[in-house]
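Every chain is numbered from 1 and lettered A, B, ... according to where its sequence line falls, protein lines coming before strand lines. In this text, all values refer to a predicted model and were calculated from it rather than measured experimentally.
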There are 2 protein chains.
Amino acid sequence: MDLIEVVHGERELFARAGHLFDVDELACAANTLFTWWRTNPEPQPNPRRLKRLRKMFRLSAMLDPSWSQQAHVMAEHGAEVRVTADELNETLLLGHRFVIMAGDMSRGERSYSVISAPEAVQGIHALYEAAWRAASPLEVHDASMVELRPLTPGILTALNDGLTDEAAARALGLSLRTYRRRVAELMAAMGATSRFQAGSRARELGLV
Amino acid sequence: MDLIEVVHGERELFARAGHLFDVDELACAANTLFTWWRTNPEPQPNPRRLKRLRKMFRLSAMLDPSWSQQAHVMAEHGAEVRVTADELNETLLLGHRFVIMAGDMSRGERSYSVISAPEAVQGIHALYEAAWRAASPLEVHDASMVELRPLTPGILTALNDGLTDEAAARALGLSLRTYRRRVAELMAAMGATSRFQAGSRARELGLV
DNA sequence: CACCTCGTGGCCACAAGCTGCCATGCTCGG
DNA sequence: CCGAGCATGGCAGCTTGTGGCCACGAGGTG
């Protein structure tokens with residue numbers, strides 16, 4: 001394999017580089033590639049060989065109950081899970097010799113770079129470590145979401161139905177101030193600074 | 001075929017009901033089913049047999065340049081095209097004996113009802129005619145979009161970037177009043193009454 | 001029981017957005 | 001050339017949203 005190789009789509013990626021997953025340490029950031037790999041029938045990870053698994057979820061993705069559930073299932077199965085507010089690209093660190101990074105969508109498929117150049121792999125590892133240290137452990141994230149989490153679906157429904165904050169607060173049994181506080185937290189978690197952006201992001205994340 | 005039949009997905013629909021498209025008059029509402037049919041290799045419409053083709057596009061869809069382009073291409077090829085502000089479901093009227101109506105997504109595929117019960121077909125025809133009369137001919141729609149159309153991409157970008165109206169107006173070379181006038185028109189075209197809804201709809205329509 | 005922490009809610013100042021009204025100017029047709 | 005129609009832009013009044021500040025109360029801990 002060349003020092004860097006670009007493939008298109010997950011099937012091609014795993015056909016060409018699936019064997020690289022046979023490592024004892026795996027770290028990943030963002031959401032979908034790892035999920036695709038775990039649900040892909042070939043090749044499956046050797047459960048005894050993998051000694052350390054780390055996963056960083058995006059904060060915005062964690063607003064989705066199914067992602068949140070998945071994070072907890074992974075944690076229960078021994079993975080180290082953190083949550084980051086940064087909008088990281090899909091990244092997979094396979095041991096210390098290979099890295100897979102997602103690129104752009106083209107022709108309906110995402111491209112992936114499989115990198116084995118030692119300098120690049122090392123640099124990406126260092127960046128991953130920095131992002132990992134800055135991210136919140138899952139339990140800290142959970143604690144900070146105690147007030148927002150149960151209200152998120154209701155708030156998103158109210159916003160998507162076009163209710164004013166006053167009407168939405170009444171509908172959800174909250175004061176106007178608290179409703180607005182929760183909306184601000186939700187917008188921050190989605191990385192949105194305006195209501196339009198929040199609507200766009202919520203739809204993009206599949207939350208509405 | 002029974003008086004009403006439900007199928008799942010476009011492939012099954014055309015496998016089961018493709019022969020029904022061999023009619024001399026066809027009317028449809030909304031966007032994707034007709035497009036799917038025209039790009040499906042089997043069966044193709046008999047160009048000499050089809051005497052009248054009518055198509056109603058949703059106003060919100062017409063904000064997308066590719067849909068707008070498609071509407072014009074159809075009009076140039078002899079179809080009667082109108083634009084409606086109503087959020088119609090996918091509907092195909094095949095002559096005066098069959099109707100296909102889209103249902104919900106399930107298991108990643110949309111369900112379709114193929115209806116041949118004469119009373120239902122007649123009722124749906126009457127509703128279609130009413131909606132058709134209420135819709136705007138393509139040229140009337142175009143005239144009303146003269147100011148908004150060229151600005152739509154820029155406005156959507158500005159909104160999605162979280163710019164204030166004042167900053168966006170400056171960026172687009174418009175006065176604040178005119179920018180806000182255009183945003184209001186865009187929101188009306190999308191059927192949105194709040195900025196959050198507009199963001200959600202824009203993302204849903206693939207406009208951002 | 002007292003004290004501390006923290007979430008809630010009311011109030012307020014300010015910013016951003018919504019829309020009506022009207023003056024102005026441009027374009028087009030008679 | 002003139003008048004009508006219509007889009008723009010400024011202004012204003014109002015609504016909605018943003019977030020700080022503070023009082024209060026609940027819960028937990030020593």
Strictly below 4.0 Å, N to O, side chains only: are B/Glu80 and B/Arg54 in salt-bridge contact? no
Side chain of B/Arg181, base of D/dG9: donor and acceptor closer than 3.5 Å? yes
Measure the distance from [atom1] on [X] to [atom2] on [N] and round it to the nearest whole Å.
X        : N      : atom1 : atom2 : result
B/Leu159 : C/dG17 : CG    : C1'   : 11 Å
A/Phe196 : C/dC18 : CZ    : P     : 11 Å
B/Glu166 : D/dG9  : CD    : P     : 14 Å
A/Leu176 : C/dA13 : CG    : C1'   : 15 Å
B/Arg170 : D/dG9  : CZ    : P     : 15 Å
A/Leu186 : D/dT18 : CG    : C1'   : 15 Å
A/Leu148 : C/dG7  : CG    : P     : 13 Å
B/Glu185 : C/dC18 : CD    : C1'   : 13 Å

Report the C-alpha distance between A/Val83 and A/Met56 in whole Å, list the side-chain angles of each, state the deciding distance to 0.1 Å, and finish with yes or no for side-chain contact (heavy atoms from CB on, under 4.5 Å). CA-CA 5 Å; A/Val83 182; A/Met56 254 195 295; over 6 Å; no
[X] side-chain proximity, nearest of [options]:
X        : options               : result
A/Thr178 : D/dG17, D/dA7, C/dG9  : C/dG9
B/Arg182 : C/dG9, D/dG9, D/dT8   : D/dT8
A/Met187 : C/dG17, D/dT18, D/dT8 : D/dT18
B/Arg180 : D/dA7, D/dT16, C/dA16 : C/dA16

Between B/Arg195 and C/dG17, is there a side-chain N or O to OP1/OP2 distance below 4.0 Å? yes
By nearest nucleotide on DNA chain C, pick out whichever of A/Tyr179 and B/Val183 is the more 5' one. A/Tyr179
Going through the checks in order, is the salt bridge (Lys or Arg N to Asp or Glu O under 4.0 Å) test met by B/Asp142 and B/Arg149? CA-CA 9 Å; B/Asp142 283 344; B/Arg149 181 189 309 288; 3.2 Å; yes
Against A/Asp165, only a single residue in A/Arg177, A/Arg195, A/Arg170 fulfils salt bridge (Lys or Arg N to Asp or Glu O under 4.0 Å); can you say which? A/Arg195
Just checking B/Phe98 against B/Phe21, ring centres under 6.0 Å apart? no
A/Asp165 or A/Arg177: which one's nearest nucleotide on DNA chain D is closer to the 5' end? A/Asp165
